[in-house]
Amino acid sequence: MALLEIRDVVKTFGDFTAVNHVSLSVEAGEFFTLLGPSGCGKTTLLRMLAGFEQPNSGQILLDGKDMSQVPPEKRPVHTVFQSYALFPHMTVAQNIAFPLQMAGVAKADIPARVAEVLEDVRLQQFAKRFPHELSGGQRQRVAIARALVNRPRLLLLDEPLSALDAKLREEMQLELINLQKEVGITFVYVTHDQGEALALSHRIAVMNKGEVAQLDAPETIYSYPKNRFVADFIGQCNLLDAKVVEVGGERMKVEIPGVGVCETLPVDGAQVGQSGTLTLRPEKIRLAASVAHDADEVHFTGKVHDCLYLGDVTIYIVELDNGTLVETMLPNSAPGRARFFDDNDAVELAWRYDAGHFLLG
Amino acid sequence: MRNLSTRFSRWLISGPPLLYLLIFFAAPSLIMVFAAFRIPGDYGGLVPMVQTDDAGHTQVLINAGNWHDFITFENFGRFFEDSIYAQLFLKSFWYAGLTTVICIVLAYPLAWLIARSAKKTRDLLVLLVILPFWSNFLIRVYAWMIILGPQSYFSIGLNKFLALFGIAPVTMLFSEFAVIVGLVYVHLPFMVLPLYANLEKHDMALLDAAQDLGANAWQRFWRITWPLSLPGVWAGTALVFIPALGMFAIPDLLGGTDTGMIGNLIKQQFLDSRDWPFGSTLSIMLTLAVLLMAAIAGWAGSRKKERA
């Protein structure tokens with residue numbers, strides 16, 4: 001039995017449907033992420049898990065028990081809030097002791113429990129500080145320690161890293177992964193940052209307009225997006241309009257109008273004449289002045305339309321013969337090379353038949 | 001050069017209020033301190049130490065041999081000799097303290113309600129709280145004389161209600177009860193406003209967090225909202241307790257024969273008994289008592305912080 005089961009949950013605010021018939025389940029020990037743009041319903045779903053909102057219909061079950069009649073303070077679920085919501089009049093140690101006191105833990109046991117969790121987040125020497133005397137990253141760790149200290153069944157994290165700068169965010173991501181492994185508590189993580197979701201999660205539910213657009217492991221979500229929304233939202237992706245021209249066998253052929261025919265992996269139920277979208281990640285496209293021929297690849301010619309130098313890589317926007325723009329990239333690992341091509345240079349593109357992924361419709 | 005001009009502008013800004021305080025606060029306070037060590041004049045005021053005769057010659061009356069006839073510590077002796085003054089102080093502190101506590105109890109929910117309501121209603125409610133200031137304080141206290149008086153619908157209704165239970169009619173006016181009602185009524189806005197200003201700034205996410213971490217409604221109030229609102233409570237307490245302590249008009253109008261406060265006695269010394277020195281002594285003792293209380297409160301506060 002799954003630890004958390006969300007069954008056909010609907011939540012509306014007036015005319016607005018924030019969460020629309022969502023069903024999913026989370027296993028014990030999992031690092032589960034709800035990912036989506038703002039307004040997609042991920043935070044509303046999280047607040048329903050915490051108990052701050054009630055679903056209009058559907059059920060939320062924790063350990064098989066219906067949570068609808070259980071108020072937030074009675075749920076074995078704790079939240080790390082986006083603003084951290086540390087109690088400003090309490091020290092770090094008092095903040096962390098708070099949930100233990102609320103749970104009626106014996107007074108004598110509290111200091112040891114607090115010290116233990118402070119060690120987990122490496123803040124032992126800050127126990128006597130007040131929240132306003134801490135840096136952003138330290139506050140973040142206190143918030144996590146406070147939410148973890150009495151070992152909830154479920155830890156909810158609401159965009160916990162969004163207030164930190166990029167460098168610290170990466171550091172905290174690594175810490176979160178290790179912490180979750182160490183404590184073994186199930187995390188449900190909400191974010192709009194796809195990089196964060198890919199880096200942290202065991203599984204991701206990509207949400208759009210109150211619905212789950214795709215629920216899969218990070219690699220699957222990235223490599224095999226189920227629809228245009230997911231392809232577009234996760235990472236950079238070329239979305240090329242194409243039409244099925246040949247089906248059957250190991251490979252399927254699609255035609256990109258004005259460019260040519262290319263091979264791709266077969267799609268269930270595809271029929272000749274159907275239109276769709278070929279999704280191609282920039283890093284899966286080979287770019288050169290002239291590319292060597294390979295039977296597994298398709299080749300197209302074009303010219304450089306724009307480049308973006310990013311340091312480790314350079315992004316090239318290549319204009320195909322029909323005017324379609326394709327994004328691709330080259331690592332700048334060759335010594336002394338900042339750029340391989342300039343604007344308007346003639347180039348060739350190639351990608352393997354299994355580089356992309358065709359979406360019908 | 002820059003330094004000079006910033007210093008100049010600093011004086012320009014702080015000068016006028018400083019001057020005002022010197023003339024109207026510091027100087028009168030000092031005069032009062034000196035007056036407390038003087039002897040009352042025959043027709044009020046103080047015994048003159050300098051005399052100008054009809055011819056216009058000024059004569060200094062006080063000298064090394066006769067200064068005892070002009071300067072005295074007797075006023076303070078009188079204060080400590082008779083326990084009646086200490087009793088009056090205690091009673092005044094009791095009235096002011098009770099008023100403060102009742103104001104906190106009444107103002108807190110009101111301030112909370114205002115702070116939590118929508119922006120538009122909030123402004124309207126704040127306006128309603130300060131609306132009484134638009135009419136004169138004495139008129140409002142007179143209104144209470146009518147409300148609490150035996151002829152008012154309130155009194156008649158209440159007594160009829162009490163009669164149902166066989167309880168004898170009560171007289172509310174000219175009693176301790178009326179004095180407290182008046183004190184609370186007059187000072188309530190001074191408690192509501194600082195409390196509202198404090199509660200309005202509270203981060204609601206803290207209450208969500210507390211609830212999420214297992215705190216029920218009472219624990220959320222007692223562990224989060226109340227301690228965070230203490231600065232507002234203290235501000236309101238200072239604004240209510242100190243003026244209530246020195247109040248004389250309300251006991252005069254609403255009180256009976258035995259409900260006078262220290263303010264009434266001070267007023268009496270200046271206006272009726274014409275004993276300015278003793279009135280000054282009482283005022284100084286009152287000021288010292290308030291300062292002592294503030295010092296104790298501050299000391300207790302800092303002790304508590306150290307322990308945390």
Side-chain angles (χ1 to χ4, degrees), chain A residues 43 46-47 49-53 70-105 127-132 139 142-152 154-160 163, chain B residues 104 107-108 111-112 115-121 191 194-238 297-308:
Chain A
T43 299
L46 198 77
R47 286 181 65 82
L49 297 182
F52 292 118
E53 306 282 355
V70 184
E73 63 265 35
K74 296 260 166 66
R75 296 190 185 198
V77 174
H78 288 178
T79 308
V80 176
F81 290 85
Q82 189 169 7
S83 63
Y84 312 148
L86 298 179
F87 306 131
H89 57 300
M90 299 185 196
T91 62
V92 168
Q94 289 169 333
N95 262 283
I96 295 173
F98 185 83
L100 296 172
Q101 292 162 346
M102 293 303 114
V105 172
K128 291 228 165 97
R129 299 261 187 108
F130 282 92
H132 66 89
R139 274 181 227 175
V142 175
I144 293 172
R146 186 179 69 175
L148 277 177
V149 69
N150 64 4
R151 309 193 62 81
L154 201 61
L155 184 73
L156 309 177
L157 301 104
D158 185 9
E159 309 242 7
Chain B
I104 292 174
Y108 209 104
W112 174 263
R116 287 300 138 249
S117 49
K119 182 83 187 78
K120 248 192 176 156
T121 13
M191 185 60 83
L195 269 179
Y196 157 71
N198 174 286
L199 290 171
E200 190 238 4
K201 285 182 297 191
H202 283 206
D203 179 5
M204 285 300 101
L206 295 181
L207 293 182
D208 274 0
Q211 187 176 17
D212 186 76
L213 295 167
N216 62 33
W218 169 249
Q219 288 165 325
R220 294 199 290 277
F221 171 75
W222 191 237
R223 295 292 307 270
I224 311 296
T225 303
W226 174 254
L228 286 174
S229 69
L230 281 180
V233 173
W234 283 123
T237 298
W299 176 76
S302 68
R303 279 258 314 209
K304 205 174 159 199
K305 222 170 220 166
E306 265 167 44
R307 270 191 288 127

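Just so it is clear: chains get the letters A, B, ... in the order the sequence lines come, proteins before strands, and each one is counted from 1. Everything quoted here is computed from the prediction, not taken from an experiment.
Contact of B/Gln219 with chain A is made through the side chain alone, with heavy-atom distances under 4.5 Å. Contacts between A/Leu100 and chain B at a heavy-atom distance below 4.5 Å are absent for every atom of the residue. For a residue to count as touching a neighbouring chain, one of its non-hydrogen atoms must lie under 4.5 Å from one of that chain's; by this rule A/Val77 touches chain B with the backbone only.
A heavy-atom distance below 4.5 Å is found between the side chains of A/Met90 and B/Ile224. Counting heavy atoms from C-beta outward, B/Leu230 and A/His89 have side chains that stay 4.5 Å or more apart.
By the ring pair (Phe, Tyr, Trp, His ring centres under 6.0 Å) test, A/Tyr84 pairs with no residue at all, sequence neighbours left out. Partners of B/Trp218 by side chain to side chain contact (heavy atoms under 4.5 Å, CB included), not counting sequence neighbours, listed by chain and number: B/Asn216, B/Phe221, B/Trp222.
The shortest non-hydrogen separation linking A/Pro88 to B/Leu228 is CG-CD2, 3.7 Å. Contact between A/Glu73 and B/Ala215 at its shortest, heavy atoms only, is CB-O, 3.5 Å. Taking every heavy atom of both residues into account, A/Leu86 and B/Leu206 meet most closely at O-CD2, 3.2 Å. Shown here for B/Ala205 and A/Ala85, the closest heavy-atom pair between the two residues is O-CB, 3.7 Å.
Applying the salt bridge (Lys or Arg N to Asp or Glu O under 4.0 Å) test to every pair with at least one member in residues 212-224 of chain B, sequence neighbours left out, gives no pairs at all.
Atom CH2 of B/Trp234 has 12 or fewer neighbouring heavy atoms from other residues, nucleotides or ligands inside a 6.0 Å radius.
Here OG1 of A/Thr79 is found 8.5 Å from CG of B/Asp208. Values are rounded to the nearest 0.5 Å.
Of all residues in residues 194-201 of chain B, none places a non-hydrogen atom less than 4.5 angstrom from a non-hydrogen atom of chain A.
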